[in-house]
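I have placed the structure first, in the form of structure tokens, so that the comments after it can refer back to it.
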Amino acid sequence: MKAPPFDYHRPASLRDALLLLKQPDARILAGGQSLVPMLNFRLLAPQHLVDLSQIDQLQTCVITSEKIRIGAMKSQRELENSAELARVAPIFPEAIRQIGHRQTRNRGTIGGSLCHLDPSAELPTLALLHDAIFEIASTEGVRHASAQDFILGAMNPALEEGEILTHVEMPVWRPGHGFAFLEHARRAGDFALASAGILVAVDSDGRIARLAICIGGLGDRPIRLAAAESELIGAMPGKDMFDRAAAHIAALPAEGSIHASAAYKRRIAETLLKRALETACARAAHMVSVA
Amino acid sequence: MMKQISINVNGVTHTRSVEPRVSLGDFLRHEIGLTGTHFGCEHGVCGACTILVNGVSMRSCLMFAVQADGCKVETVEGLSHAGAPLHPLQQAFRDQHALQCGFCTPGMLMTLIELLSETNNPTEEEVRDAISGNICRCTGYQPIVEAAMQAAKAMREEKV
Amino acid sequence: MARQIGLSVERLEDPTLLRGGAKYLDDLSLPGQLHVAFLRSSHAHARILRLDVSQARALAGVHAIITMEDLEAYLGTVRMPLSASPTKAVAPITPYILSGREVAFVGEAIAMVLAQTRHIAEDAVDLIEIDYEPLPVIMSAKEAIADGAPKVRMEAANNVLNRMHVAYGDVNEAFSGAAYVFREDILQHRGCGHPMETRGVIAEPRMDGSLNVWSSTQMPHDIQTNIVEILGIDDNALRIITPEVGGGFGPKYCAYPEELSIPAAARMLGRTLKWVEDRREHCLTAVQERDQFWSLEIAVEADGRIRGIRGELIHDQGAYALKAVNLPYNSATAVPGPYMVPAFEMKVAIAFTNRVPASSVRGAGYPQAAFAMERLMDLVAKELGLDRAEIRRRNLIPPEKMPYTKPLKARSGAPVTYDSGDYIASQEQVLAAAGWNDFRARQAEALKQGRYIGIGLAHAVKGTGRGPFESGTVRVNPSGQVSIFTGAAAMGQGIRTTLAQICAEQLGLTADKISVVCGDTGLAPLGLGGFASRQLVTAGSTVLLASREVAKKAKKLASHMLEAAEEDLELVDGKVKVKGSDVGVTLGELARVLKGAPGYAFPPGLDPALESDVKWQTEALAYSNTSHVAEVEVDVDLASVKITRYIALQDVGVRVNPMIVEGQIRGGIAHGIGNALFEQMIYDETGQPLTTTFADYLLPTATEVPNFETIYRETPSPLNPLGAKGVGEVGTIPVTAAIISAIEDALAPFEIRIAQTPLLPETLFNLIEDSRARGLPHA
Ligand code: FES
Ligand code: FES
């Protein structure tokens, strides 16, 4: 089980990387935690691999109370362990801890996961949950894409040939927001059969003032429950509200796998959604202003 | 297509010309003869190939040797030398019967070395989580957890 | 004689393993070696229409490509011999060394590429052009034996490998006179063995015509026999060596086509060849246990005592048989287990299917038998409204009936006799430890909080220590070094340490002073190898007797040298000493005398060498018994199961090294957890395996396996001088039954009956949904 031959490049600048990517049949090598197994199984045989690990610009990470901006080559584990991030957006460590195992989080990158786009991967779900903006570079310049526009399906990012995802930027919810990220897998660390990420803010009466729900693992990509989000504004957290949210799962596209049928995945998603909502609402502080 | 690389392994720098497609694990095992790092799957799931690269644990089957050019690599062979006493973690593995066939052991050891460098007082649950990416077919894991706890204790006491 | 048996001495194997210094097969590198990769069938059943290796052959770094035609010309045959069989195979049931005309499962080897590196060899495999004509595929053993089913292999007469009939007692009477008859259909699947080290072979032909073969195997002597037969090589010119083995668990119990094709090609070309199986190849080509379809009926008295059991078993053998087929036989005969079953009948059909051949995985058909029997016990308990422990108590063989002979025949034709053990006391003890009687209260309490917890109990017995013999030589060298040479196979279980302990006790030494050589046909030409929890009993007894001989001889010689009576001598610290004095002579000095010096006679009554060679024989099996209790919690909304507590009682006779025994039991239980909840080899309807990675075929990891509470009883077996019983498999056997019983108990409000293993979450989800659709659980 050995990789096919390829040429290896390790550019020191984004510019060089973009030029190298213009060679025929060139691919980006980020952390390699998904790409290398595919090479070892010979599911892919690129002629060139362009390793982005030496490009400082892709390693940056800016975290403020308004937004987080992460370089694509930041390792998952660095984010998991970032005290700053845990303070402003605690859903991140909660979710990232559930990605694979420590060895793969050490090596796996934010950008790698966001471009590989496994439907149950945690980072695309988080990106969608936060209405992330993806920053994409090419020799032509820089463009931006919303998470909705970028995440087109499994292994299908909205990247043109020669483009590199350089950063992802996400607005941070105000202090006091509730959050939860739950997933269920056959074994700890396996790809989730389904997952649910929640951000919630409640007003001073304890009613839902702002809500974001993202479900992973069901179909070919994570999906926002936009209809539920708007329907539940003003609702009082409680069993009734959780059930109403979960009722929206039935309408979502779902695909079965050898580990779980579509029906089973939906049941898992409903369960996780209810539980995650309960946790998130319980964690939310009652706030006068939530915008 | 060969690339010249230099990797420091357990304190010794090795300079070699390699094909880019040679994994770091294959490099360690077959280029420089350190066969203590094992391959159980070569697709990144079993953890037998775990080593430390610049101090953090990684799967050496999911990394090409060229990517480790200039890096500092630590493998099981660096933990203790024949003739010298075993590392406290190795000793704990022996005491607790945390290995049978020994095939998963180098990966377990290197994973736990990283955990114990982060905390010398882990809970049993943290240990189980840390090794959840390392498969062992022989032991049922319990003795490995017990060994990690014993080693943590030994390392705490050493510090005092 | 200082005690060694019974001590948890540190393993001799560990320091080298812990330092990464042990040499497994892939750690060996021989000068000038070429690397092998195989072209394997991508179809479950097809005719090969065209094979063109020219492009592949032309690739730089490729030395040769060998096909069935090449091998046939060289060997005169391309069919594997039938291993582990006293006679040669009569029908064409064994696989091809390389297949060239028809392939019958995905992964069957078609051609081998010999190249400078493994990378290049794999590149070349991709360049081989092959055209197939797909043929009908049979994936279900049930369908395979139906009338008019398409054939799994065109060359075979039909898809039935064999039918067996196992019976005793008056079954008709048992059923016609029964108060109740219950029936159950059970589907059982056991997956792969998956040692963490895969298989691998190195063959080194020498100029003098000799051949050294290294293989990661449990069976070096079987491989020796096969290679001699197929290559026509002089027995003495062939040596099979097992390096450090990274786990066996069954897949390495068979001699495989690669263990012939690689030595054959090496000799053909005069080149050293190395092949290391990768994990995908292991999933495709290493034996698995797979599917058994059971239909069972049990006849009981009004009080639940068993009158008889009858049923049918259809076993999925895969496309070929690598060795004499024992799995379904084990399964069928092991059903009565620890219970008194006066009348019994099983009809067994062994069917070919288009899958990789089936053979033993840890437990070898026994776990399926235990699952079937324990499911029946639970069924009777439920139907009669009895406690699950009570129904078992009424049917377990009581201690006063030991030794207990079942009217069943073992493979040797001898009756099956349980030698010892107190099954009822075992049950009582494990129930007390588990708090069985208090559980209902805990369960009711949990249910009030909406939590579904359950408890399950299962028993098993396992015949261990399969003979007819194992070899062992104990030798003291003039340096004082003590060595053991044995045909037993070390595959990670710590057998070296255990044998050293047994020897050390006899020679007044400690285990670390003894070196043990295993699995090398050059140093121990006779042997059977590692399987069926046999080596402690057989090799252990052999080493015990040989060590006693050596001790006796040492005393005899010392009595001459020290001028003391033998009774006044003792073996202490490597010396034969006069009791109560410092006068003594070292074992090394004694060995030097018995090594002989030209012209000097040996003392009267002594023959050369301070050594003894023993081949202890046995026909009977020593029966280990085990009683396990599992506690689970089921999350009914996620259809997920958590094992919250696991208590395992074993009676494995005398434990030579309790630490090693504990290791075997814990590892065995973990394997059973995999079988109960995780491990399934899945194929699509065209015969493509879908679980060929560790991300798809799920082995339990540290987060799924709980801590185990173990209890040991020690009823020595009267059948061997150690009093030992085997321990390698017994931990695995009752696990699926205990866990499934616990899940069913947890889900009692859903009135769910579980008659299959593994219980995958999808199945559990469907069962729960069905119950909900029936309005369960009642509010
Ligand atoms: S060999 Fe690298 S994870 Fe299995
Ligand atoms: S000790 Fe054998 S796999 Fe862990």
Side-chain angles (χ1 to χ4, degrees), chain B residues 19 21-22 26 29-30 33-46 48 75-82 86-87 90-91 93-106 109 124-125 127-146, chain C residues 8 10-11 13-24 26-29 117-119 193-198 244-249 276 278-280 491-494 659-660 662-671 673-674 693-695 699-708 731:
Chain B
E19 247 196 296
R21 61 160 153 176
V22 170
D26 266 335
R29 293 175 47 71
H30 300 305
L34 292 179
T35 56
T37 300
H38 300 151
F39 279 159
C41 71
E42 282 184 279
H43 54 259
V45 187
C46 77
T75 71
V76 66
E77 286 94 342
L79 292 183
S80 70
H81 293 282
L86 293 171
H87 182 282
Q90 292 173 315
Q91 186 59 46
F93 264 58
R94 193 176 192 198
D95 294 344
Q96 299 296 338
H97 190 28
L99 69 158
Q100 290 182 28
C101 78
F103 203 78
C104 71
T105 310
L109 288 170
E124 199 182 303
E125 213 186 322
V127 173
R128 284 190 182 268
D129 180 66
I131 59 168
S132 65
N134 296 69
I135 301 176
C136 175
R137 191 54 144 171
C138 297
T139 63
Y141 302 104
Q142 183 175 355
I144 297 175
V145 177
E146 285 161 356
Chain C
S8 288
E10 290 185 313
R11 296 203 322 166
E13 293 88 344
D14 288 352
T16 316
L17 292 171
L18 284 163
R19 289 192 162 102
K23 292 294 174 198
Y24 301 86
D26 188 36
D27 303 340
L28 306 174
S29 205
T117 67
R118 173 67 179 240
H119 294 75
H194 279 309
M196 291 315 294
E197 184 210 22
T198 52
E244 197 75 43
V245 173
F249 310 116
V276 177
D278 63 35
R279 186 57 63 180
R280 190 179 130 81
M491 55 235 197
Q493 72 282 60
M659 175 186 84
I660 289 177
E662 175 80 357
Q664 289 297 308
I665 295 301
R666 287 169 169 180
I669 301 171
H671 199 138
I673 290 174
T693 75
F694 274 158
L699 297 175
T701 69
T703 38
E704 288 73 49
V705 175
N707 284 336
F708 305 125

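In what follows, chains are A, B, ... by sequence order, proteins preceding strands, each numbered from 1. Note: hydrogens, waters and symmetry copies are ignored here, and every other heavy atom, side chains too, is used. Worth saying up front: this structure is predicted, and the values here are computed from it rather than measured.
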Inset, instruction - Kindly compute the distance separating CG (B/Asn134) from OG1 (B/Thr105), expressed to the nearest 0.5 Å. - result: 10.5 Å
Inset, instruction - For chain B, find which of C/Arg279, C/Met196, C/Arg118 contributes the most heavy-atom pairs closer than 4.5 angstrom. - result: C/Met196
Legend entry - Options C/Thr703, C/Ile669, C/Ile665, C/Asn707, ranked by heavy-atom pairs under 4.5 Å with chain B, top entry: C/Asn707
Legend entry - Stepwise side chain to side chain contact (heavy atoms under 4.5 Å, CB included) check, C/Thr701 with B/Tyr141: CA-CA 8 Å; C/Thr701 69; B/Tyr141 302 104; 4.2 Å; yes
Inset, instruction - Please step through side chain to side chain contact (heavy atoms under 4.5 Å, CB included) for the pair B/Thr139 and B/His97, ending with a clear verdict. - result: CA-CA 8 Å; B/Thr139 63; B/His97 190 28; over 6 Å; no
Inset, instruction - Report yes if the side chains of B/Gln100 and C/Gln664 come closer than 4.5 Å at any heavy-atom pair, otherwise no. - result: yes
Legend entry - Atom pair NE2/CZ of B/His43 and C/Arg280 - distance to nearest 0.5 Å: 10.5 Å
Inset, instruction - Indicate whether any N or O donor in one side chain lies under 3.5 Å from an N or O acceptor in the other, for B/Gln142 and B/Gln96. - result: no
Inset, instruction - Under 4.5 Å, counting heavy-atom pairs only, tell me which of B/Ala48, B/Ser80, B/Gly36, B/Gly44 racks up the most with chain C. - result: B/Ser80
Legend entry - Note, C/Glu197 side chain near B/Arg137 side chain (heavy atom, < 4.5 Å): no
Inset, instruction - Give, as side chain, backbone, both or neither, the part of B/Asp95 having an atom under 4.5 angstrom from any heavy atom of chain C. - result: both
Legend entry - Contacting region of C/Ile660 [heavy-atom separation from chain B under 4.5 Å]: both
Inset, instruction - Could you tell me which portion of B/Phe103 (side chain, backbone, both or neither) has an atom closer than 4.5 angstrom to a non-hydrogen atom of chain C? - result: both
Inset, instruction - Pick one of side chain, backbone, both or neither for C/Pro706, based on which atoms fall under 4.5 Å of a heavy atom in chain B. - result: backbone
Legend entry - Region of B/Glu42 in contact with chain C, defined by heavy-atom distances below 4.5 Å: side chain
Inset, instruction - Can you measure from SG (B/Cys41) to CD1 (B/Ile135) and round to the nearest 0.5 angstrom? - result: 7.0 Å
Inset, instruction - Give, as side chain, backbone, both or neither, the part of B/Glu124 having an atom under 4.5 angstrom from any heavy atom of chain C. - result: side chain
Legend entry - Interface residue of largest heavy-atom contact number with chain B, from C/Ala695, C/Gly731, C/Gly667, under 4.5 Å: C/Gly667
Legend entry - Non-neighbouring partners of C/Asp27 that pass salt bridge (charged side-chain N to carboxylate O under 4.0 Å, His left out), sequence neighbours left out: B/Arg29
Inset, instruction - Let me know if C/Val705 has heavy atoms under 4.5 Å from chain B in its side chain, its backbone, both or neither. - result: both
Legend entry - Portion of C/Leu699 that has a non-hydrogen atom of chain B nearer than 4.5 angstrom: side chain
Inset, instruction - Go through the steps for C/Glu244 and C/Thr16 under the test side chain to side chain contact (heavy atoms under 4.5 Å, CB included), then give the verdict. - result: CA-CA 11 Å; C/Glu244 197 75 43; C/Thr16 316; over 6 Å; no
Legend entry - Toward chain B, the part of C/Glu13 with a non-hydrogen atom under 4.5 Å: neither
Legend entry - Contact class of C/Ser29 relative to chain B, heavy atoms under 4.5 angstrom: neither
Legend entry - Best-contacting candidate, B/Ala82, B/Gly78, B/Cys46, B/Gly33, against chain C by heavy atom pairs under 4.5 angstrom: B/Ala82
Inset, instruction - Side chain from CB out, backbone as N, CA, C, O: work out which of these in C/Phe249 comes under 4.5 Å of a heavy atom of chain B, or both, or neither. - result: side chain
Inset, instruction - Please flag which part of C/Met491 lies under 4.5 Å from any non-hydrogen atom of chain B: side chain, backbone, both or neither. - result: backbone
Inset, instruction - Check the pair C/Leu18 / B/His87 against side chain to side chain contact (heavy atoms under 4.5 Å, CB included), numbers first and verdict last. - result: CA-CA 9 Å; C/Leu18 284 163; B/His87 182 282; over 6 Å; no
Inset, instruction - Tell me, out of B/Glu77, B/Glu19, B/Arg21, who's got the most heavy-atom pairs with chain C below 4.5 Å. - result: B/Arg21
Legend entry - Which of B/Ile131, B/Leu79, B/Thr75, B/Leu86 touches chain C most, by non-hydrogen pairs under 4.5 Å: B/Leu86
Inset, instruction - Check whether C/Glu662 gets within reach of chain B through its side chain, its backbone, both or neither, counting any heavy atom under 4.5 Å. - result: neither
Inset, instruction - Identify, with sequence neighbours excluded, every residue that meets salt bridge (charged side-chain N to carboxylate O under 4.0 Å, His left out) alongside B/Glu146. - result: C/Arg666
Inset, instruction - Just give me the residue among C/Asp26, C/Ile673, C/Thr198 that pairs up with chain B most often, heavy atom to heavy atom, under 4.5 Å. - result: C/Asp26
Legend entry - Greatest number of heavy atom pairs closer than 4.5 Å to chain C - which of B/Arg94, B/Gln90, B/Arg128: B/Arg94
Legend entry - Value rounded to 0.5 Å, distance of OG1 in B/Thr35 from CG in C/Leu28: 8.5 Å
